[in-house]
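Bear in mind the structure is a predicted one, so any value in this text is a computation, not a measurement. Order of the sequence lines fixes the chain letters, A, B, ..., with proteins taken first and strands second; residue numbering starts at 1 for each chain.
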Amino acid sequence: MACPLTRELDVAGLSTTCNAIEDSTLASAPAGSQNRLGERAGSLEDISSSMAANTNGEVQRLGNYIPQAEEPVSGGTRLEKMSRAVKTLIECLGEDPSREGLRKTPQRYAEALLSCTRGYHVDPHGIMNNALLMEEYSGMVVVRDIQVYSLCEHHLLPFTGKIHIGYVSSGVVIGLSKLARIAELFFRRLQVQGRLTKQIADAIMDIVKPQGVAVVIAASHLCMAMRGVQETNAMTVTSSFMGCFEQDVSIRNEFRSSVGL
Amino acid sequence: MSDSVPHRKRSPSTSSSDASSKRRKSSKRSASSKRKDNEQAIQDDDLPNGEHHIGAFDRRRESTTRTARDPRDEFHPPKKRKVPKAARKEAQAPVNGTVVTRSPTPVIDFDGLSRPSAGTRERLEESPEQAAVRLDRMRGAVRTLLECVGEDPDREGILDTPERYAKAMLFFTKGYQENVQDIVNNALFNEGHNEMVIVKDIELHSLCEHHLVPFFGKMHIGYIPSKTVIGLSKLPRIAEMFARRLQVQERLTKEVANAIMEICRPQGVAVVMEASHQCMVMRGVEKTGTSTITSCVLGAFEKKSKTRNEFLSLIGVSGGRRL
């Protein structure tokens with residue numbers, strides 16, 4: 001079934017360059033066949049193309065804006081359609097959707113879900129805001145303990161934890177908060193932890209073109225703690241090392257000791 | 001009843017004038033004599049600062065929101081009738097050959113403890129075909145949600161997500177179908193123990209009813225038995241039963257406290273829960289380090305601040321501790 005947002009995506013792989021970032025004109029997407037978001041490792045041009053196709057060229061920053069809630073789709077606005085679905089869910093659970101505490105829950109849940117998946121609708125160009133600087137620093141830059149709260153795509157249940165990002169610059173340095181914003185762009189989606197790690201690493205590799213990138217995520221999954229095996233203390237750690245981190249063990253170890261893993 | 005009075009001595013009134021304390025005691029006596037249910041008379045103790053609490057042993061704190069129920073499960077105590085017996089029998093006689101039927105028995109929750117939901121009886125008594133229909137409806141709803149979010153519901157990773165999510169949600173609301181009496185399973189023992197019993201660090205996961213997003217944390221339960229001691233594992237089981245619902249943390253704490261109070265009739269019950277709410281962490285204000293603490297104290301814990309303080313220091317709840 002074709003979704004409005006995925007219909008226009010390009011099948012091309014990652015091709016973002018430093019020049020493209022400073023170019024504020026968004027490329028228009030060729031009318032391609034329906035693509036699947038999960039199969040690529042987060043192409044930034046594809047995301048910006050889909051933004052252009054759907055919001056008439058408006059650039060949305062990652063913030064508290066919940067996009068497209070009022071957009072009319074078949075069956076009312078997006079929010080109304082989701083609210084009806086949630087009301088069905090509540091009825092099927094055996095609760096009474098008209099009691100006081102549950103009366104507005106469908107709207108609240110719909111807005112919460114849209115808010116937690118707003119990473120689909122964000123343009124990374126808007127995030128970057130030209131925060132790439134030429135610096136002579138060639139040491140390792142590590143930003144650790146970035147909070148991640150994402151939704152597991154298998155159960156739609158949250159997994160929360162910390163992301164640690166490190167890179168070794170090759171002459172271009174990125175504004176520090178942009179690392180956290182890129183991470184948020186990718187974790188505000190229905191995700192699998194391994195894919196999330198790789199997408200963040202690929203994106204930073206594309207934008208900054210450093211000597212190497214390392215991303216480690218340590219998270220606890222509510223789908224494992226609340227149900228099923230019900231392991232409350234288990235942590236899942238995934239990592240992605242690229243460039244010099246992949247080749248050199250000592251750089252990897254230095255990164256590991258910086259983040260305390 | 002001497003064994004129901006707590007072993008701790010009454011704290012002396014520290015009011016400056018004897019006359020004022022006498023006035024207070026006389027006013028209390030008139031209030032207590034008006035109370036209807038006097039099966040266990042509880043002595044009201046004066047706290048050192050002169051305040052006093054009305055005994056809460058025979059009056060549960062009711063929630064202001066009525067629990068949604070199947071109308072067939074409403075318990076109606078038999079009313080006194082002024083109609084004579086003969087006339088009543090005539091009214092109940094079958095008309096035109098129809099049979100007068102009663103509401104289905106046994107009623108699921110007539111003691112007001114388990115607080116089932118409107119659809120509890122339906123979920124308990126449904127056939128496998130009806131369960132499949134229910135699951136289908138939920139799957140359709142989740143698929144709509146995935147489409148509206150902008151995902152492709154046919155891609156490999158989320159093709160089965162509607163079914164997984166539906167089953168997970170049915171698991172998270174299984175507490176409605178459970179009965180407190182079944183859970184306790186007559187695990188009440190006459191030990192003659194009068195000291196505080198605490199079961200702490202009970203990990204609970206529940207669903208916030210406002211956002212359908214999880215909140216989880218630890219519950220600490222303490223009680224002072226009067227005659228009967230309850231099997232220790234029953235306390236976490238009762239807590240789990242009330243947690244596996246669409247809940248509000250305040251109501252969860254109160255329901256657990258009320259249930260334990262009614263089941264083993266102790267001298268007092270105290271329940272404290274500290275939890276982290278994902279609805280506050282993942283969305284909205286997005287504050288990650290916050291912890292919400294709610295408590296419900298009944299009986300001896302409510303009347304005596306010393307008892308309450310002993311409980312709170314034993315469970316060690318403090319603002320700086322991470323969950």
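- Contacts between A/Gln230 and chain B at a heavy-atom distance below 4.5 Å involve the side chain alone, from C-beta outward.
- Looking at A/Leu190 and B/Thr161, their side chains never come closer than 4.5 Å, going by heavy atoms from C-beta outward.
- Atoms SG and CD, from B/Cys148 and A/Glu80 in turn, are 11.0 Å apart once rounded to the nearest 0.5 Å.
- In terms of heavy-atom pairs under 4.5 angstrom with chain B, the leader among A/His155, A/Met226, A/Gln147, A/Met82 is A/Met226.
- Annotation: the span from B/Ser117 atom OG to A/Ile90 atom CD1 amounts to 12.0 Å, rounded to 0.5 Å.
- Atom NZ of B/Lys234 is surrounded by more than 12 heavy atoms from other residues, nucleotides or ligands within 6.0 Å.
- Proximity to chain B is limited to the backbone of A/Ser150, based on heavy atoms less than 4.5 angstrom apart.
- Among residue pairs with one or both ends in residues 147-156 of chain A, those qualifying as salt bridge (Lys or Arg N to Asp or Glu O under 4.0 Å) are A/Glu153-A/Arg195, A/Glu153-B/Arg155; sequence neighbours excluded.
- Residues A/Thr88 and B/Met138 fail the side-chain proximity criterion, which asks for heavy atoms closer than 4.5 Å.
- Proximity to chain A (any heavy atom under 4.5 Å) is shown, for B/Val248, by neither the backbone nor the side chain.
- Residue contact with chain A, scored on non-hydrogen atoms closer than 4.5 Å, involves the side chain of B/Arg123 exclusively.
- Note on B/Leu204, B/Val213, B/Leu135, B/Ile158: by heavy-atom pairs under 4.5 Å with chain A, the leading option is B/Ile158.
- For the atom pair CZ of B/Phe216 and OG of A/Ser220, the computed distance is 6.0 Å after rounding to the nearest 0.5 Å.
- Using a 4.5 Å cut-off between heavy atoms, A/Leu222 touches chain B through its side chain atoms alone.
- In terms of non-hydrogen atom pairs under 4.5 Å with chain A, the most contact-rich of B/His211, B/Arg244, B/Met282, B/Arg283 is B/Met282.
- Between atom NE2 of residue B/His210 and atom CD of residue A/Gln107 there is a gap of 13.0 Å, rounded to the nearest 0.5 Å.
- Note that CZ of B/Arg245 is 13.0 Å distant from CG of A/Leu93, once rounded to the nearest 0.5 Å.
- Under the side-chain contact (heavy atoms from CB on, under 4.5 Å) rule, B/Leu145 has a single partner from A/Leu89, A/Thr117, A/Leu156, A/Leu114, which is A/Leu89.
- The most heavy-atom pairs under 4.5 Å with chain B, out of A/Cys116, A/Cys223, A/Pro158, come from A/Pro158.
- Looking only at heavy-atom pairs under 4.5 Å with chain A, the residue among B/Leu170, B/Thr288, B/Val142 that has the most is B/Thr288.
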Q | side-chain contact (heavy atoms from CB on, under 4.5 Å) evaluation trace for B/Phe171 with A/Arg227 | A | CA-CA 7 Å; B/Phe171 177 78; A/Arg227 55 164 291 288; 3.8 Å; yes
Q.
Does A/Lys81 form a side-chain contact (heavy atoms from CB on, under 4.5 Å) with B/Thr144? I'd like the steps, not just the answer.
A. CA-CA 8 Å; A/Lys81 201 169 171 189; B/Thr144 309; 3.9 Å; yes
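- Between chain B and the options A/Thr105, A/Val192, A/Leu113, the largest number of non-hydrogen pairs under 4.5 Å is found for A/Thr105.
- Applying the salt bridge (Lys or Arg N to Asp or Glu O under 4.0 Å) definition to pairs two or more places apart or across chains, those involving residues 159-177 of chain B are B/Arg139-B/Glu163, B/Glu163-B/Lys167, B/Lys174-B/Glu178.
- For the residue pair B/Glu203 and A/Thr232, a side-chain donor N or O sits within less than 3.5 Å of a side-chain acceptor on the partner.
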Q: Test B/Arg137 against A/Glu91 for salt bridge (charged side-chain N to carboxylate O under 4.0 Å, His left out), laying out the working first.
A: CA-CA 10 Å; B/Arg137 282 184 73 198; A/Glu91 279 168 8; 3.1 Å; yes
